[in-house]
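Below you'll find the structure, written out as C-alpha cells, and then a few comments.
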Amino acid sequence: AAIALIQLCYVAPDTRLFRGLAKVGIRTIDVLIFHFLIFKIVSAVYCLIAGEPLSRLSEFPVLGNNSWWLWIVYTAVAVVLSYLMGQVLIKVKSKSKLLTQIIP
C-alpha cells in the first residue's frame with residue numbers, strides 16, 4: 001500500500017486536491033500539535049447542538065455511539081484549522097525577532 005501511494009504521487013495529476021494534500025503533508029507537525037485542542041472545540045460545539053452537558057468534554061471520546069458520522073467533521077475541521085493555525089504562527093514568527101530566536 002505504501003509503495004502504491006508513493007507511485008500515485010509520481011503519476012498524480014496536478015490538481016488542487018493533490019497540491020492541498022502536499023501542503024498539509026509538509027505542515028504535518030502543525031496538525032499533530034493542534035488537533036487535540038481542535039477536537040475539544042468541535043466536541044464543545046457538538047455538545048451544545050446535541051443538548052449534552054459540557055461536562056462531557058472531560059470524557060474521551062466525547063462522541064456517543066449515535067454519532068458515527070462526526071469523525072468526518074472532526075478530521076476535516078482538525079486538519080484545516082491546524083494547518084491554518086500553523087500558517088498564522090509562521091507569519092507571526094516571521095514578524096517577530098524575539099520568536100525567531102526562541103523558535104527555530
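Nothing fancy with the numbering, it's 1 onward along the sequence.
- Every residue meeting the side-chain contact (heavy atoms from CB on, under 4.5 Å) condition with Val45, not counting sequence neighbours, appears here in chain and number order: Ile49.
- Looking at residues two or more places apart in sequence or on another chain, you find no ring-ring contact (aromatic ring centres under 6.0 Å, His included) involving Phe34.
- Among all heavy-atom pairs drawn from Ser43 and Leu57, the shortest one is CB-CD2, 3.5 Å.
- Here the shortest heavy-atom pairing between Cys47 and Pro53 reads SG-O, 4.0 Å.
- Residues Ile38 and Ala78 come closest through the heavy atom pair CG2-CA, 3.7 Å.
- Applying the side-chain contact (heavy atoms from CB on, under 4.5 Å) rule to Ile90 yields the partners Arg27, Gln87; only residues at least two apart in sequence or on another chain are considered.
- No side-chain heavy atom of Ile41 sits under 4.5 Å from any side-chain heavy atom of Val77.
- In this structure a side-chain-to-backbone donor-acceptor pair under 3.5 Å is present from Ser58 to Ser55.
- Residues meeting the side-chain contact (heavy atoms from CB on, under 4.5 Å) test with Ala50, sequence neighbours left out: Tyr46, Glu52.
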### Stepwise side chain to side chain contact (heavy atoms under 4.5 Å, CB included) check, Leu54 with Leu48
CA-CA 7 Å; Leu54 287 178; Leu48 291 173; 4.2 Å; yes
